[in-house]
2 protein chains.
Amino acid sequence: MSLRSALLALLSSGPMTGYDVVKQFSTSVGHVWHAPDSQIYPELRRMHSEGLLSSRPVPWGSRGATKTEYSITRDGEQALRHWQDEPEGYVRERDAAHLRAAYFEWAAPGAAATQLRAHIEHFRDQRAQALEQIAAIENRTSPTLARRLAANPEDQWERISRFKVFAYEGQVGRADQEIAWAERGLRLLEELGELDGPGERE
Amino acid sequence: MSLRSALLALLSSGPMTGYDVVKQFSTSVGHVWHAPDSQIYPELRRMHSEGLLSSRPVPWGSRGATKTEYSITRDGEQALRHWQDEPEGYVRERDAAHLRAAYFEWAAPGAAATQLRAHIEHFRDQRAQALEQIAAIENRTSPTLARRLAANPEDQWERISRFKVFAYEGQVGRADQEIAWAERGLRLLEELGELDGPGERE
DNA sequence: ACCGAATACCTATCGAGATAGTTATTCGCG
DNA sequence: CGCGAATAACTATCTCGATAGGTATTCGGT
């Protein structure tokens, strides 16, 4: 359900080709909800056949080739509104890094520290990407957002933008929390005598 | 991979029937890595046929019925150690609540606040459960942990326990972060004039 | 003894997602 | 013009997970 909601939400900013959509899932919306092209194209076609999206061929190049541009339909907008009314279906927890940490007693010397450092790196990267998205929103450099604002009355602009910033702040907060947790883990390893000493801490 | 790692890790505390394992995935380890019985039983059988687990029939009742008790093998322990050496394979982000929040402009009046309040409730519950697990570890009331400690030298007890507490602290921190985020979201809604006023805040 | 709950274990089906490809056309640079 | 990269779109296969069941036996309370 959430891929389809993400697709509707994205296309509510205006028409896009499948490829444009795929690009957005590799960049902006993809930081909140990722999907690969192999999932996106078939889903677009399904949603089209269900009436949530309409499509039209758009010229590509100067030799008669076309690409397909999708637009959200009224039914699609209805579905988008309905989505916001549905209770969130929380999935049961599956956190691989926390699972691993619970059993660090099985790790070879140094392996736990390596895992925690990699965890910190991963979430620093996630954090940086989320901050980039926030900057793009606040600086109005996101073409998708610009198009969305252009299609809405000016008194909605702050509202629309702030919800997006808020969502990415959730990603930043998540990353910060995971980094802090892993740093506490490194300190725990040090207390337990499992680090070679401050010099090995980077 | 992570279900099988979770199963190996759990069974490293000592032999268990499939049903015991399932019970643990509904309670303790299940807060970090959940799995339903329909996944667990077949996986136990697969791991048994691969030599990671051994099994034996154990009497059940007084009329000759038996149940199956699984134990980790040397190969299983090897696999557990190897898991700790493998780099974590981080999955791409798919956060339904953050996705939804990014598009709150589509929500009916009051719906966004309802979502955020439900989010807070969900993570308060998650938090409480993680704290219970921490208490069970610190109070030595977890039978699985007691058995694990009994099978290890006393100088390893603090180490083993603290890694588990550390993992659950990751869950607590996650929950805290999500609660704080959602509370900021309610304040945002208030700033945007989307809440009816302080009296409607609960 | 009966019966509901718990223990013990299982199947089927479907959706979601990962991954490793693939084909065709256009674009833009050397 | 040629060619590699980008655009544009697609398939196949497999794994993992969700969900809705199911059967059989024992336990324990009435």
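Each chain gets a letter, A, B and so on, in the order its sequence line appears, and its residues count up from 1.
- Separating the CD atom in A:Glu69 from the OG atom in A:Ser54 is a distance of 9.0 Å, to the nearest 0.5 Å.
- With sequence neighbours left out, B:Arg148 forms a salt bridge (Lys or Arg N to Asp or Glu O under 4.0 Å) with A:Glu105.
- To the nearest angstrom, C1' of D:dA8 lies 11 Å from OH of A:Tyr70.
- Separating the CD atom of B:Gln24 from the P atom of C:dA8 is a distance of 13 Å, rounded to the nearest angstrom.
- Summarising the geometry, the separation between CD on B:Glu43 and C1' on D:dT15 is reported as 10 Å, rounded to the nearest angstrom.
- At the phosphate of D:dT7, neither OP1 nor OP2 sits under 4.0 Å from any side-chain N or O atom of A:Lys67.
- Of the N and O atoms on the side chains of A:Arg159 and A:Gln156, at least one donor lies less than 3.5 Å from an acceptor on the other residue.
- Rounded to whole Å, atom C1' of D:dA18 lies 19 Å from atom OH of A:Tyr90.
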Side-chain polar contacts of residues 29-42 of chain B - donor-acceptor pairs under 3.5 angstrom, sequence neighbours left out - could you list them?
from	atom 1	to	atom 2	distance (Å)
B:His31	ND1	B:Gln129	OE1	2.9
B:His31	NE2	B:Thr27	O	2.9
B:His34	ND1	B:Phe25	O	3.4

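- With sequence neighbours excluded, the residues forming a salt bridge (Lys or Arg N to Asp or Glu O under 4.0 Å) with B:Glu43 are B:Arg4, B:Arg46, listed by chain and number.
- For residues 46-84 of chain A, no residue pair satisfies the ring pair (Phe, Tyr, Trp, His ring centres under 6.0 Å) rule, not counting sequence neighbours.
- With distances taken from any side-chain atom of A:Tyr41 to the nucleotides C:dG17, D:dA9, D:dG17, the minimum falls on D:dA9.
- Along DNA chain C, the nucleotide closest to B:Pro42 and the one closest to B:Thr66 are compared, and the more 5′ of them pairs with B:Thr66.
- Phosphate proximity of C:dA8 to B:Thr68: absent, as no side-chain N or O sits under 4.0 Å from OP1 or OP2.
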- Tell me, for nucleotides 18-30 of chain C in 5' to 3' order, what letter each nucleotide earns: B for a base near a protein heavy atom under 4.0 Å, S for only sugar-phosphate near one, - for neither? SBB----BSS---

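- Residues satisfying the ring-ring contact (aromatic ring centres under 6.0 Å, His included) criterion with A:Trp181, sequence neighbours excluded, are A:His98, A:His119, B:Phe166.
- Shown here are the ring-ring contact (aromatic ring centres under 6.0 Å, His included) partners of A:Phe163, two or more places apart in sequence or in another chain: B:Phe104.
- Taking atom CZ on A:Arg46 and atom C1' on D:dC10, their separation rounds to 13 Å, with Å as the unit.
- Between B:Leu3 atom CG and D:dA18 atom P there is a gap of 11 Å when expressed in whole angstrom units.
- DNA chain D lies under 4.0 Å from no heavy atom of any residue of residues 4-17 of chain B.
- Across all strands shown, A:Arg45 has heavy atoms under 4.0 Å from sugar-phosphate atoms exclusively, and none from any base.
- Distances shown here put every side-chain N or O of B:Tyr19 at or beyond 4.0 Å from the OP1 or OP2 atom of C:dC9.
- Under the rule for a salt bridge (Lys or Arg N to Asp or Glu O under 4.0 Å), A:Glu138 has no partner lying at least two apart in sequence or in another chain.
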